[in-house]
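Each remark here refers to the structure printed beneath this line.
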Amino acid sequence: MSQRSDIRFLLNGRAISLPSVAATDTLLDFLRIDQRLTGSKEGCAEGDCGACTVLVGRLTKQGLRYEAVNACIRFVASLDGCHVVTIEHIRGADGGLHPVQQAMVDHHGSQCGFCTPGIVMSLYALWMEVAQPTARQVEVALQGNLCRCTGYEPIIKAALAVSEYGTATADYLAETRDGITEQLQELRDGARVVTGPVDNQAIVPADLDDFAAVLVENPQATIVAGATDVGLWVTKFLRPISPAIHINQIDALKRIEVADGAITLGAGVSYSDFLPLVQEHFPFLLDYWNRIAGWQVRNMGTVGGNIANGSPIGDTPPVLIALGARVTLRKGMERREVPLEAYFIDYGKQDLHAGEFLESVTIPVPSTAQLNAAYKISKRRDEDISAVAVGISVTVQAGQITDARIAYGGMAATPKRASAAEAALIGRPFGSATFEAAAQAVATDFQPLSDWRASADYRLLSASNLLRRFYMEHSDVDQPVRLVV
């Protein structure tokens with residue numbers, strides 16, 4: 001297998017080849033310090049405010065796809081074979097303001113201007129996907145962009161009016177798509193990349209088998225998929241991550257297969273990649289899914305990474321455990337499969353051996369007899385970490401509950417099933433008294449901690465009330481229990 005040391009990508013209209021890239025080098029620092037492209041701003045350095053938003057184009061099975069991402073937590077080494085587009089590169093057909101920029105001007109969508117470049121790039125990404133979005137689609141696209149002075153109403157008005165100023169099919173990136181695709185294909189030479197100094201090294205494996213081999217050789221390595229968590233280790237905690245193995249470019253980890261009543265996701269499938277499957281097979285998850293972080297983080301972050309990280313407040317494990325998901329773990333060429341709930345052993349400890357990685361997640365598609373729901377309690381509705389999250393799946397046949405799987409996050413040291421609450425449901429009629437008993441049983445299942453997100457009492461009350469809410473939503477009770485947005 002060939003090996004090289006330079007990271008190769010396209011930046012706006014230029015080819016970039018960097019001979020040595022440290023594991024901790026971020027895209028934002030590269031843009032602002034090395035390239036003097038200062039339109040992208042550093043606001044939070046943790047992927048929350050969106051002031052650093054740029055577009056990254058990557059080749060997919062469906063063709064070249066541009067996504068809004070946070071440059072502050074995107075590592076340069078992860079850009080091999082990509083096209084980075086910054087605010088400085090966009091323009092209108094006549095060389096003047098881009099349609100998104102002109103709409104922002106005409107609708108007074110900017111005041112101090114610090115956050116404006118990031119907002120423009122997010123709206124640009126949306127406009128390329130949906131030429132005439134709804135107000136809700138605009139709100140979802142802007143979840144990861146914070147504006148402290150304008151207020152969002154003029155920004156939303158601008159976003160809804162962009163197509164009055166031009167068409168996405170005539171946009172510069174659309175017109176150059178074929179040429180950019182050819183250039184990116186030429187960059188994919190099938191080589192392993194090992195770059196940066198020995199004490200701050202980044203490795204980009206050639207493919208999935210090469211990744212497995214690299215990890216066996218470097219079992220202490222930091223695996224970087226979307227970097228939505230690892231990025232903060234660097235920007236906030238100054239933690240060393242060398243050697244860092246970047247896997248976001250491995251196509252085999254982005255596969256999605258639907259077969260035998262189940263969906264299998266490669267560990268590198270992002271939240272945004274999985275969204276169409278949510279809409280088709282898990283519609284009850286749609287609102288929950290769109291509340292995971294902001295759009296930029298959903299474009300970068302991966303389902304497998306959220307699981308592998310092992311956080312007790314990760315958004316995906318409770319839902320996937322309730323659905324009966326399994327994970328495939330791989331070391332070298334050997335694989336084993338475990339139920340997702342068994343993967344989490346204790347706080348900060350997962351069933352993962354040295355040199356082993358999470359390769360895929362298999363999720364059964366719910367049957368028509370299953371009633372499902374996912375709920376999230378957080379201080380802020382959008383782009384916030386859960387205080388309590390729960391996935392609930394209840395099978396009802398002839399009015400009787402024959403099976404129940406309930407999994408909570410934020411209630412214990414790991415994502416955990418509520419076995420007592422499940423036992424209170426199984427074998428009993430689907431009714432208010434049954435769910436009241438299950439709600440009371442939650443206190444037997446968990447003794448949560450108090451922290452700055454929520455007190456133990458609040459968590460217990462919320463966890464119990466979410467079971468009551470589940471019953472109300474799936475019965476004939478005529479009471480409003482969900483905010484419709």
Side-chain angles (χ1 to χ4, degrees), residues 7 9 11 18 21-35 37-58 66-80 82-87 114-115 117-119 121-122 125 141-146 196 200 202-204 221-249 268 270-273 292-306 308-309 311 313-315 382-385:
I7 297 294
F9 60 97
L11 173 60
L18 303 177
V21 176
T24 54
D25 287 349
T26 66
L27 174 56
L28 184 60
D29 283 348
F30 170 74
L31 294 175
R32 293 183 59 83
I33 299 172
D34 294 354
Q35 300 294 304
L37 296 174
T38 56
S40 304
K41 312 299 184 186
E42 180 175 304
C44 65
E46 59 184 34
D48 276 345
C49 75
C52 67
T53 302
V54 299
L55 302 188
V56 171
R58 60 183 175 93
Y66 288 94
E67 296 172 310
V69 305
N70 297 118
C72 67
I73 55 173
R74 182 71 183 251
F75 293 112
V76 176
S78 73
L79 298 171
D80 198 66
C82 293
H83 181 204
V84 178
V85 181
T86 70
I87 188 74
F114 188 89
C115 65
I119 290 172
M121 297 307 284
S122 290
L142 291 175
Q143 286 170 324
N145 291 89
L146 303 183
N200 199 1
I203 303 172
V204 184
T222 303
I223 300 174
V224 184
T228 56
D229 198 38
V230 176
L232 274 68
W233 297 0
V234 172
T235 61
K236 292 300 182 181
F237 306 111
L238 306 180
R239 284 174 53 178
I241 60 171
S242 178
I245 304 176
H246 293 273
I247 62 172
N248 65 301
Q249 84 296 341
S270 71
Y271 301 113
S272 294
D273 291 338
I292 296 175
W295 194 26
Q296 294 92 326
V297 170
R298 291 196 296 273
N299 287 337
M300 292 170 59
T302 66
V303 177
N306 192 241
N309 191 39
S311 171
I313 51 174
D315 285 314
D382 291 322
E383 202 188 13
D384 201 2
I385 294 172

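Atom CG of Leu28 and atom OG1 of Thr53 lie 10.0 Å apart (nearest 0.5 Å). Separation of atoms OG1 (Thr24) and CZ (Arg239) is listed at 13.0 Å; rounding is to 0.5 Å. The line from CD1 of Ile87 to SG of Cys52 is 12.5 Å long, rounded to the nearest 0.5 Å. Note that CG of Leu31 is 12.0 Å distant from NZ of Lys41, once rounded to the nearest 0.5 Å.
Nearest heavy-atom pair, Cys49 versus Cys44, reported as atom, atom and distance to 0.1 Å: N-SG, 3.3 Å. The two residues Ser122 and Ala141 come nearest to each other via the heavy atoms CB-O, 4.0 Å. Across every non-hydrogen atom of Phe9 and Cys82, the tightest pair is CB-O, 3.3 Å. The two residues Asp48 and Glu46 make their nearest non-hydrogen contact at OD2-OE2, 2.8 Å. The two atoms that bring Glu383 and Leu146 nearest to each other are OE1-CD2, 3.9 Å, heavy atoms only. Contact detail for Ala23 and Ala244: the closest heavy-atom pair is CB-CB, 3.9 Å.
Just one residue in the list Val230, Val204, Ile245 forms a side-chain contact (heavy atoms from CB on, under 4.5 Å) with Val224, and that residue is Val230.
With contacts defined as side-chain heavy-atom distances shorter than 4.5 Å, the pair Val76/Thr26 does not qualify. Side-chain atoms of Met300 and Ile73, non-hydrogen and from C-beta on, do get closer than 4.5 Å to each other.
One N or O on the side chain of Ser272 and one on the backbone of Arg298 form a donor-acceptor pair closer than 3.5 Å. Proximity of a side-chain donor or acceptor of Asp25 to a complementary backbone N or O of Ala22 within less than 3.5 Å is detected. Without hydrogens or angle criteria, Asn248 side chain to Ser78 main chain gives a donor-acceptor distance under 3.5 Å.
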Subject >> Chi angles and distances behind the side-chain contact (heavy atoms from CB on, under 4.5 Å) call for Thr86, Met121 >> reply: CA-CA 8 Å; Thr86 70; Met121 297 307 284; 5.6 Å; no
Original post:
Would Ile247 and Thr302 satisfy side-chain contact (heavy atoms from CB on, under 4.5 Å), going step by step from the backbone distance to the final call?
Top reply: CA-CA 11 Å; Ile247 62 172; Thr302 66; over 6 Å; no
Original post:
Would Thr222 and Trp233 count as a side-chain contact (heavy atoms from CB on, under 4.5 Å) if you check the C-alpha gap in whole Å, the side-chain angles of each, and the deciding distance to 0.1 Å?
Top reply: CA-CA 11 Å; Thr222 303; Trp233 297 0; 3.8 Å; yes
**OP:** Test Leu11 against Phe30 for side-chain contact (heavy atoms from CB on, under 4.5 Å), laying out the working first.
**Re:** CA-CA 11 Å; Leu11 173 60; Phe30 170 74; 4.0 Å; yes
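Checked by atom type, the side-chain pair Asn145/Gln296 shows a donor-acceptor distance below 3.5 Å.
Residues passing the salt bridge (Lys or Arg N to Asp or Glu O under 4.0 Å) test with Arg58, sequence neighbours excluded: Glu67, Asp273.
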